[in-house]
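Worksheet: the structure to be examined is printed underneath.
Quick caveat, the model's predicted, so the values are computed rather than measured. A note on names: the letters A, B, ... follow the listed sequences, proteins ahead of strands, and every chain is numbered from 1.
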Amino acid sequence: MGKTIAEKILSNKSGQDVKANDIVVANLDFVMGQDGTSPLAIQAFREMQAARVFDPSRIAMVIDHSSPSPLEGVSELHRQMRVFAREQDINFYDIGEGVCHQLVPEQGHVGPGDLVIGADSHTCTYGAINTFSTGVGSTDLAAGLISGKLWFKVPETIKFILNGKLPKGVYSKDLILYLIGDVTADGATYLAAEYTGEAINDLSVEARFTISNMAIEMGAKAGLMEADQKTLEWVKQHSKKEFQPVKADADAVYAMIKEYDVSKLEPQIAKPHTVDNVAPLRAVAGTPIQQGVIGTCTNGRIEDLRIAASILKGKKVHRDSRLIVAASSRQVMLQAMREGLIEIIMEAGGVMVTPGCGPCVGTHNGVPSDGENVISTANRNFKGRMGNNKAFIYLGSPATVAASVINARITDPREYI
Amino acid sequence: MDLKGYVHKFSDDVNTDYIISGRHKFKTLDMKELAKYVMEDLDPEFYSKVISGDFIVAGRNFGCGSSREQAPLAIINANISAVIAKSFARIFYRNCINTGLPLIECDTDQIDEGDELEVDLQQGVLHNLSKGIDITITPLPAVMLKILSDGGLVEHFKKYGSFNFD
Ligand code: SF4
């Protein structure tokens, strides 16, 4: 009987021949924590009476969620992270380096065939480069820091076959929103997702990250893709490590196979207050928007900024609206500066904030006021997510956000391209 | 382990932002303090209504969303004895086992706000005392029972220095 990508990676890393629903203890290639989860993990690490991490080169901590610190309490937690990172000599990314899920692949820490945990739910992002990566909590992170291992229940897999070519003005964000709307917020709970087909092959690696990033929004444990030529080249540009790409067997057994033709897909929007509350953009076109956000680990990459800038070029953010932009890393921001994208965004009236999570999670930077509508490229629109439970968050592609802030209304980006 | 208390009922898809908002969770590691804000966005009175030992009961996909372990910790510190739902999101599920918060997976349609429940985790039954009915609960896998019975993952590691399920 053949194996899925998840079964193969967990077999390789546990040294056992495993299949779905087995429970195994497996070796981790990389372990990551951010500033919302690491302080508790450091506390657990100390309580577990450990002295050293298993391998400093395989660990990173990132300050990205509240960065720079907006409050004394947060400053103290950041201080504890800095002390720990220095004491243990691990990879450490301080304020302004970027969002953890951009940094981990961009800095070459992970690649095809790896098994990775991160104390952040969107750790599934690296599935786009054939990494089995999954989110855990702080105590699991502490266990991983100490032992370099974690127990896993081997997931069954739901396979998405995406045929056809995405039309112009429709992006990987629209595609993943559509899929989440279709399978719902818990449609893939306890499962790994595999994405395959012509539509995936056509996407850049950057655009693929957006899809794997949001696997968790359908409840999935991982959002996996096979490594093709594009993946291998991308990984080679970013990492010196050797990797072992893993393919699913032709006779692998799936919990479910879902097949779609994407060639007629339109821009999609997730409406408040759940990510699976998805509709075609035209159903909400014209909804007034007071704030737009471009960035986050979902859509803050260079390609996203290029798309946004191409729409904003020579235009102005509407006076009834505002635009906040956060590049997903320092490197992305520098590249955007070199390409003149920052100039375009700022001349249009956009505001650049620190590379990192930006306004995504309501800890700082751009909390909306009561009753305001926000349109964001983020991955979550829960009530209160951006720091105000009386605001309304709509999710869309960078193109949709850029077009919408020009009109202060939800706008189909295809009018601008 | 016998648990007894009253029900606070919620619907499907209660996410970790609702359990403890990002507004609060980044500020402190003091879980007693965070506990005051548990479920705040769904029910601002929640914390003051809880009597020690009460249950949170919900529908499908409880705990979806972020990986914040502050969610189970804040629930524990709000003196809730267990969470009962039709299904749980995966990371939240792990976090509960690791921090020692019992989770009970069962059909919750026959449990209403204010009902009094008694749960026997060993026997795998839930008695709805208010309605006079018994509901079967899905047993936990051995690995999780081991971690729970050691008192959570911190205690497990203190005891063994690493994972030990033999
Ligand atoms: S950008 Fe948002 S979703 Fe991504 S890691 Fe940061 S807070 Fe989480």
Side-chain angles (χ1 to χ4, degrees), chain A residues 23 25 35-37 39-41 43-44 47-50 65-66 70-71 73-74 76-77 80 118-123 134-143 146-147 149-151 153 155 185-186 189-190 216-217 219-221 274 276 361-363 367 380 382-389, chain B residues 12-13 15-18 21-31 33 40-42 44 60-62 64-73 86-100 141-144 146-147 152-165:
Chain A
I23 291 187
V25 175
D35 55 332
T37 53
L40 263 181
Q43 185 175 301
E47 282 169 14
M48 288 169 169
Q49 297 162 355
H65 278 58
S66 310
L71 290 166
V74 174
E76 166 55 20
L77 299 178
Q80 290 172 16
D120 187 278
S121 59
H122 294 101
T123 302
T134 195
V136 298
S138 299
T139 310
D140 274 335
L141 171 60
I146 295 168
S147 65
K149 296 182 199 308
L150 197 66
W151 67 266
K153 182 166 172 192
D186 67 346
T189 300
Y190 305 129
I216 179 78
E217 306 310 330
K221 184 169 184 169
T274 58
D276 59 358
V361 66
T363 50
V367 176
R380 291 206 172 120
F382 302 153
K383 205 169 154 189
R385 172 76 182 179
M386 291 180 64
N388 184 337
N389 60 16
Chain B
D12 292 340
D13 299 318
N15 62 59
T16 53
D17 277 84
Y18 293 162
S21 163
R23 283 196 297 288
H24 303 302
K25 73 142 180 169
F26 291 95
K27 284 187 214 157
T28 175
L29 290 183
D30 180 353
M31 295 302 147
E33 176 62 25
E40 182 188 51
D41 286 338
L42 296 177
R60 287 182 301 115
N61 203 24
F62 188 90
C64 59
S66 91
S67 64
R68 62 192 70 171
E69 208 158 287
Q70 288 89 339
L73 289 171
K86 287 185 189 165
S87 65
F88 293 93
R90 190 192 67 81
I91 303 175
F92 179 80
Y93 195 107
R94 290 186 77 101
N95 288 346
C96 288
I97 303 296
N98 288 340
T99 53
V143 164
M144 300 179 203
K146 169 75 179 141
I147 295 173
L153 192 58
V154 168
E155 296 303 319
H156 182 90
F157 260 64
K158 258 163 114 172
K159 205 153 143 192
Y160 303 107
S162 189
F163 290 102
N164 186 330
F165 299 126

Can you tell which part of [X] gets under 4.5 Å to a heavy atom of chain A, answering side chain, backbone, both or neither?
X: B/V143; value: side chain
X: B/N95; value: side chain
X: B/I97; value: neither
X: B/P72; value: neither
X: B/L42; value: neither
X: B/F165; value: side chain

Whether the side chain of [X] engages the backbone of [Y] through a donor-acceptor N/O pair (distance < 3.5 Å, no angle test) should be reported.
X: A/R380; Y: B/G65; answer: yes
X: B/Q70; Y: A/G36; answer: yes
X: B/R90; Y: A/G135; answer: yes

Pairing donors with acceptors under 3.5 angstrom, does anything connect the side chains of A/T189 and B/R60?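 No, no side-chain donor-acceptor contact under 3.5 Å.
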
Between B/D41 and A/K383, does any side-chain N to carboxylate O distance fall below 4.0 Å?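 Salt bridge flag = no for A/K383 with B/D41.
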
Shortest non-hydrogen contact from [X] toward [Y]:
X: B/R94; Y: A/W151; value: NH2-O, 2.7 Å
X: B/D13; Y: A/A185; value: OD1-CB, 4.4 Å
X: B/S66; Y: A/S121; value: CA-OG, 3.5 Å
X: B/L153; Y: A/M48; value: O-CE, 3.7 Å
X: A/T37; Y: B/S67; value: CG2-OG, 3.9 Å
X: A/Q49; Y: B/K158; value: NE2-CE, 3.5 Å

Should B/D12 and A/D186 be marked as a side-chain contact (heavy atoms from CB on, under 4.5 Å) after you check the CA-CA gap, both sets of side-chain angles, and the distance that decides it? CA-CA 10 Å; B/D12 292 340; A/D186 67 346; over 6 Å; no

Run B/I91 and A/I216 through side-chain contact (heavy atoms from CB on, under 4.5 Å) and show every step you take. CA-CA 10 Å; B/I91 303 175; A/I216 179 78; 4.1 Å; yes

Interatomic distance, [X] atom [atom1] to [Y] atom [atom2] [nearest 0.5 angstrom]:
X: A/N389; Y: B/D17; atom1: CG; atom2: CG; value: 11.0 Å
X: A/F382; Y: B/N15; atom1: CZ; atom2: CG; value: 4.0 Å
X: B/R68; Y: A/L40; atom1: CZ; atom2: CG; value: 12.0 Å

Check whether A/E76 gets within reach of chain B through its side chain, its backbone, both or neither, counting any heavy atom under 4.5 Å.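 Neither part.
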
Select, from [options], the one with the greatest count of heavy-atom pairs under 4.5 Å involving chain B.
options: A/G384, A/A143, A/A44; answer: A/A143
options: A/I23, A/V25, A/V136, A/L141; answer: A/V136
options: A/A41, A/G362, A/S147, A/G118; answer: A/S147

side-chain contact (heavy atoms from CB on, under 4.5 Å) assessment of B/L29 paired with A/Q80: CA-CA 12 Å; B/L29 290 183; A/Q80 290 172 16; 4.0 Å; yes

When B/F88, B/Y93, B/F92 are compared by non-hydrogen pairs under 4.5 Å with chain A, the top option: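 Counting heavy-atom pairs under 4.5 Å, the top option is B/F88.
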
